[in-house]
> 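I have a structure here, written as C-alpha cells, and I will follow up with some questions on it.
Within every chain, numbering begins at 1; the chains are lettered A, B, ... in the order of the sequence lines, protein sequences first and strands thereafter.
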Protein chains: 2
Amino acid sequence: MFYMKELPNEEDFRPLVPEYSSLDTSSVMLFYLFLQVGSDMLTAFETYLANHGVSQGRFIVLLLLLRSQMRNNGSGLSPSELAGQAGVTRATMTGLMKGLQRDGLIERFSHDGDRRKVIVRLTPKGKESLNAIFPDYYARIAELMNDLEDDEREGLSRLLHKVKDKMYSSKLAPAAGARG
Amino acid sequence: MFYMKELPNEEDFRPLVPEYSSLDTSSVMLFYLFLQVGSDMLTAFETYLANHGVSQGRFIVLLLLLRSQMRNNGSGLSPSELAGQAGVTRATMTGLMKGLQRDGLIERFSHDGDRRKVIVRLTPKGKESLNAIFPDYYARIAELMNDLEDDEREGLSRLLHKVKDKMYSSKLAPAAGARG
DNA sequence: AATTAATGCTATGGGGCCTAATTATATGGG
DNA sequence: CCCATATAATTAGGCCCCATAGCATTAATT
C-alpha cells in the first residue's frame, strides 16, 4: 500500500534537486501519482470485497479457480499451481485456502495417481459468492473507466504496457522470490 | 497488493459477457493491467527499501517528517498529524513510530504548552538513512519513466488524474475510515 | 467544577507474507 | 530392490501493517 494524503509538489523537490543529480522531478511526481491512484483503487475494491466477506487475496484465488474451471471443464488446480499463478509461496497459499475452505467456498480433493497432490475446486457456494460479487464489481469498474474515451483507453493501456515492459527489461522487476 | 501472473484475457471474459450486463471487458482489462503494473512497481520499490531496512510505511513517515522540516524549519509533526497525512489511524502510527524510534531514525519530544502532545522529528541518523536511499531511489524512478517522452508523461498524468477525479466524484473513493 | 474533546498509548486480533522444518510420496540411479 | 533426491503440502513461528476499543492524561468549553 502507498498512501500520502498530500503528494509532494514541485516546490518540495526544489531544494533536493541540486543535492541529488539522479532526481528527475517530473518522473517522481508521475510515479507517486500512479501509486496513489493505484492504491486508492485497490483500497476501494478491497473495501467492497470485504463487505462480501473476502479479501483481495482470497478473491484472486476464487478468480483463478473459476478461470481454470471454465477453461478446462472443472479439472481444478493444485495448491502449487495456485501459488504460482497468484505470486505467493505455497505456504501462503495453504493459509489462504484454509480460510476459504473454512468458509465453504472451496474444496480440496486428493489427486488420484499422485497422492502428494491436492486438487482444489470451487464449491457451489464459492460460485454463488462470485455471482453475488460480480455484477456490482463489474459495474464499479465500468463506472470508473466510464469517462475515458476509446482512444484514451488505448492510450492508457499503451503507456501502462510501456512502463511494465521497462520494469521487466531493467533490474526493476519485482523480487525474484515468490513472483518468479 | 494485487497479483495475478497471467491476467485474464478477452477469451476468459467471453462466457461471462452474456451473464453479466454490467461487464465491460475493456474496462476490466484496463483495470487489471493498471493494478498489476502498480503492484509490481510497489513491490519492486518495497524490496529496494527493505534492503535499506525500512518498509513502505516507515519510509512514508520519514518522507513526511523530512518535508515538514524543510517546509517550516524543523518544527516537527505530532503523531496525530502524521497519522492524518499518512492515512492511517493514530494507533497504527504509534506502531510505526515505535519501530522507527527503536532503530534510532526518529525522536519524540514532549510539546511545551500542550502536554498531551508529542513532537516527532528525524534524527541525524534518520536523515542519513534517507540520504543513503535517495540517490538510487530517484535513479530507479527516473529509469522507469525514461522511455516516456514528455508528451507521454503529460498524457499519462492527465489520464491518471481523470481516473482519480472519477474515483472521488463517485462512490468509489477509499473507505471513509482512516483515509478521510 | 463538570462535561466534552483531543492526544497518544496499550491490548487484541486479523490478514498477508515469509523462511524453515516436517511429512508423505515419487522417481531415478546403482 | 534400495537409497538418495526431488516434489507436494503443510505446520510452526515470526514480522509488518492495519484496525477497533478502551484508557489515562490533559485541554477546552460551558
> Are there over 12 heavy-atom neighbours, none belonging to A/E19, within less than 6.0 Å of that residue's CD?
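Atom CD in A/E19 is crowded, with more than 12 foreign heavy atoms closer than 6.0 Å.
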> Are B/E6 and A/R71 within salt-bridge range, i.e. N to O under 4.0 Å?
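Yes, B/E6 and A/R71 are salt-bridged.
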> Checking only heavy atoms, does the side chain of B/R90 share a donor-acceptor pair with the base of C/dG8 at less than 3.5 Å?
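Answer yes: a donor N or O sits under 3.5 Å from an acceptor.
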> CD of A/Q56 versus C1' of D/dC18: gap in Å, rounded?
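To the nearest whole Å, that distance equals 15 Å.
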> Rounded to the nearest Å, what distance is computed from the CE atom of residue A/M93 to the C1' atom of nucleotide C/dC18?
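Distance check: A/M93 CE to C/dC18 C1' gives 14 Å.
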> Rounded to whole angstroms, how far apart are CG on B/L42 and P on C/dG16?
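Going from B/L42 (CG) to C/dG16 (P), I get 16 Å.
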> Between A/R108 and A/R116, which has a closest nucleotide on DNA chain D that is more 5'?
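The answer here is A/R116.
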> At what distance, to the nearest 0.5 angstrom, does CZ of B/F45 lie from CD1 of B/I141?
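Reported to 0.5 Å precision, the distance equals 4.5 Å.
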> Without decimals, in angstroms, what is the distance between B/K117 NZ and C/dC9 C1'?
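One finds 17 Å between C1' of C/dC9 and NZ of B/K117, rounded.
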> Can you tell me whether the side chain of A/R115 and the base of C/dT25 have a donor-acceptor pair closer than 3.5 Å?
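Donor-acceptor pair under 3.5 Å: no.
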> Choosing from D/dT11, C/dC17, D/dA21, which nucleotide comes nearest the side chain of A/V88?
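Taking heavy atoms from C-beta onward, the closest nucleotide is C/dC17.
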> Base, sugar-phosphate, or nothing: which does A/T94 touch, judged by heavy atoms less than 4.0 Å apart?
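Contact class for A/T94: base.
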> Over 60° means perpendicular and under 30° means parallel, so classify the ring planes of A/Y137 and B/Y32, tilted if in between.
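Aromatic pair B/Y32/A/Y137 classed tilted.
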> With respect to the phosphate group of D/dA8, does any side-chain polar atom (N or O) of A/S78 fall under 4.0 Å of OP1 or OP2?
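Answer is no, no contact under 4.0 Å.
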> Just checking B/T92: base, sugar-phosphate only, or nothing, at a heavy-atom cut-off of under 4.0 Å?
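Answer is base: heavy atoms of B/T92 come under 4.0 Å of a base.
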> Taking only side-chain N and O atoms of B/T89, does any of them lie within less than 4.0 angstrom of OP1 or OP2 on D/dT20?
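Answer no for this pair, as no side-chain N or O of B/T89 is under 4.0 Å from OP1 or OP2.
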> Over how many whole Å does the gap from A/M97 atom CE to C/dC17 atom C1' extend?
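In whole Å, C/dC17 C1' and A/M97 CE are 15 Å from each other.
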> Just how far, in rounded Å, is C1' of C/dC18 from OH of B/Y3?
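Rounding to the nearest Å, OH of B/Y3 and C1' of C/dC18 are 17 Å apart.
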> Taking for each residue the nucleotide of DNA chain C with the nearest heavy atom, is it A/D114 or A/S55 whose nucleotide lies nearer the 5' end?
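Closest to the 5' end, via its nearest nucleotide, is A/S55.
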> Measure the distance from NZ on A/K98 to C1' on D/dT10 and round it to the nearest whole Å.
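It is 10 Å, rounded to the nearest whole Å.
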> Should the pair B/F34 and A/F34 be assigned to parallel (<30°), tilted (30 to 60°) or perpendicular (>60°) ring geometry?
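It falls in the tilted class, 30° to 60°.
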> Whole angstrom is fine here: how far is it from CD in A/E46 over to P in D/dA19?
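Rounded to whole Å, this separation is 11 Å.
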